[in-house]
Amino acid sequence: MRFAIGATAFLAAAVVRADDEASSAVDAESSTVSVAKPTFTPVSIKAPFIEQFTDDWESRWKVSSAKKDDKSTDEEWAYVGTWSVEEPSVLKGMEGDKGLVIKDKAAHHAISAKFDKAVNNKKNTLVVQYEVKLQNGLECGGAYMKLLQDNKALHAEEFANSSPYVIMFGPDKCGATNKVHFIFRHKNPKTGEYEEKHLKNPPMARIVKTTSLYTLIVKPDNSFEIKIDGESIRNGTLLEDFTPAVNPEKEIDDPKDTKPEDWVDEARIADPEASKPEDWDEDAPFEIVDEEATKPEDWLEDEPLTIPDPEAEKPEDWDDEEDGDWIPPTVSNPKCDEVSGCGKWEPPMKKNPEYKGKWTAEFIDNPAYKGVWAPRKIKNPDYFEDKNPSNFEPIGAIGFEIWTMQNDILFDNIYVGHSIDDAEKLKAQTFDLKVAAEKAEEEATQPKAPEPPKSPSDLVFMDDPVLYVKEKVKLFIEIAKSDPIEAVKFLPEVAGGLGALAAAVLAILVTVLFGGAAAAPSKEQLKAQAQKAKEVAVDVKDKAAEAVATGAEKAQAEVNKRTTRSSAS
């Protein structure tokens, strides 16, 4: 008896605890995973400009108070966007590592830092590298930098969109537009005017929440290379891969040359010697009556196409004197659906073999054709040849002048110099370390896909007693719905547990009804108690059957639900 009661209690408790333990398991899986992170240490690399946004950053960077001029709309915008230097709030990859952060949405931001000495890359390699972290993604806005032209008028507090720059480089995305800008301003040596040269086929920006590294390398031989996260993405030359081209054409069309009045530029004409044949009938119809057609044998010529609706009835409130004679609505004649047709038969139309349409003369090559006219070429008076556009003008400062819909864009580890090796060292000591920790945390915090459920037959009691009991009982109920005997044969342990449960209930009832060591009851008492026990047993039996049926219904509902979801997916 103790064994039966214990087994029953365990069975009930296991089923009750199953959902709680499953919920606890989900909570445990979703808890924050601790990922080891490196600690920020300023690098010892030397370069014309390296910025890691240490505590003295405000001595180098100045927020602009200028207004943004938009000549196309005659409007002005103040640079009201605020900046902050702080650690990342999303996927922090390095302890104590701070960056320059855009703090406002849908605002114009402008900030710049002047170099201690102008960067001149004539006959030298120029390397520009910086990190971008899009903590809130990027739907519409820029995250590019500008290398500003060195001049006396360069004042940080007046830095704006109109400030002359040498190079603009970095990601920009809005809607379908997604690219990494590489634009350089080139001075026309004849006119002294500047013109922006845009990379023809810019790469796409990396729109991720982990840190991205953008690198631009321009060599003295006019070759360039763009890297993202250390991977070479685009390369080419300044002379061939930009539009408009650096150097103009040697020859241009003569603007004073005009096409002669007698110039013939029609390559083909209608044959002037052709004439319409005498038997050509332009008036012949496209279709004629098919005289060879005969009426089908089952054609019902005396049957109308429509008949009064036999099911229609005159409305009760219809008044013939006021509304006139009631006429039932018509419907298609059902007899016509079973034959080739009804009503008066007429032969069908067919294509006219004599039809030729409107006559036109054939086209021939024009004997007077002189070709496509083009103005004559003359020497381009504005021609020049810059063989070394990579010799950019001196760069005096760096700036971020940006409008964006997303805030918390972070910039860090900026390098402007001449050493590819030093840029690689900076990458190894900063980006490589932090991005590894960021990706590890991103992967660890992603919700894991649930493992496919095991078949109840594959479960082992010691692996998970709660799941074992729950799944076995569920399977027993499912089989018992169609064949109770088969359920007992297939899962005797569950049947035994349920039997023990019934025996325990009966024992409890006997104890309650007959008491412990009381005096022996009389015949009448025994008879009354037996009748009462019988009624209680029947009631227990009915409730047990109802519980099993309810459980079976719930199990079937769950099966149906899962099946529906599987079909929908």
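When a residue number appears, it is its place in the shown sequence, counting from 1. Quantities reported herein were computed from a predicted structural model and do not represent experimental measurements.
You'll find the side chain of Met204 stays beyond 4.5 Å of the side chain of Val180, heavy atoms only. Phe224 places none of its side-chain heavy atoms less than 4.5 Å from the side chain of Ile217. Side-chain atoms of Thr125 and Pro220, non-hydrogen and from C-beta on, do get closer than 4.5 Å to each other. The shortest distance between side-chain heavy atoms of Lys98 and Glu87 falls below 4.5 Å. Two residues are said to be in side-chain contact when any heavy atoms from C-beta on lie closer than 4.5 Å; Asn407 and Asn136 meet this criterion. Contact annotation: the side chain of Val416 never approaches that of Ile395 to less than 4.5 Å [non-hydrogen atoms, C-beta and beyond].
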Decide salt bridge (charged side-chain N to carboxylate O under 4.0 Å, His left out) for Lys103 and Glu86; before the verdict, give the C-alpha distance in whole Å, the side-chain angles of both, and the deciding distance to 0.1 Å.
CA-CA 11 Å; Lys103 296 304 294 179; Glu86 59 190 42; 3.0 Å; yes
For salt bridge (charged side-chain N to carboxylate O under 4.0 Å, His left out), just list the numbers for Glu441 and Lys37, CA-CA rounded to whole Å, side-chain angles, deciding distance to a tenth of an Å, and then say yes or no.
CA-CA 10 Å; Glu441 181 176 341; Lys37 299 173 184 176; 3.3 Å; yes
Before you tell me yes or no, could you show the steps for Glu231 and Arg206 under salt bridge (charged side-chain N to carboxylate O under 4.0 Å, His left out), namely the whole-Å CA-CA distance, both residues' side-chain angles and the distance that decides it to 0.1 Å?
CA-CA 12 Å; Glu231 176 187 359; Arg206 298 271 171 90; 3.4 Å; yes
Can Ser212 and Glu131 be said to form a side-chain hydrogen bond (donor to acceptor under 3.5 Å, both in side chains), step by step?
CA-CA 6 Å; Ser212 295; Glu131 295 174 1; over 6 Å; no
Derivation and outcome, side-chain hydrogen bond (donor to acceptor under 3.5 Å, both in side chains), residues Trp57 and Gln52:
CA-CA 8 Å; Trp57 71 275; Gln52 294 189 288; over 6 Å; no
Quick one: do Phe40 and Phe53 satisfy ring-ring contact (aromatic ring centres under 6.0 Å, His included)? Show the steps, please.
CA-CA 11 Å; Phe40 170 73; Phe53 296 101; over 10 Å; no
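For NZ of Lys173, the number of neighbouring non-hydrogen atoms (other residues, nucleotides, ligands) closer than 6.0 Å is greater than 12. The local environment of CG in Asp55 is sparse, with at most 12 non-hydrogen atoms from other residues, nucleotides or ligands closer than 6.0 Å. With a 6.0 Å radius and a threshold of 12 heavy atoms from other residues, nucleotides or ligands, Glu249 has its CD atom at or below the threshold. Counting heavy atoms of neighbouring residues, nucleotides and ligands inside a 6.0 Å radius, atom NZ of Lys219 does not exceed 12 of them.
Below 30°, between 30° and 60°, or above 60°: for Phe184 and Phe182 the angle between ring planes is between 30° and 60°, a tilted geometry. Taking the six-membered ring for Trp and thresholds of 30 and 60 degrees, Trp83 and Phe411 have ring planes inclined between 30 and 60 degrees apart. Ring geometry for His181 versus Tyr144: interplanar angle over 60°, hence perpendicular rather than tilted (30 to 60°). Relative ring orientation between Tyr214 and Phe169 is described as perpendicular, the plane-to-plane angle rising above 60° on a 0-90° scale split at 30° and 60°.
Between Phe392 and Tyr165, the distance from one ring center to the other does not fall under 6.0 angstrom. Aromatic rings of Tyr415 and Tyr130 (six-membered ring for Trp) have centroids beyond the 6.0 Å cut-off, not under it.
Defined by atom type and a distance below 3.5 Å, a donor-acceptor pair is missing between the side-chain atoms of Asn222 and Thr237.
Of the possible polar contacts, one joining the Glu438 side chain to the Thr211 backbone as a donor-acceptor pair under 3.5 Å is found.
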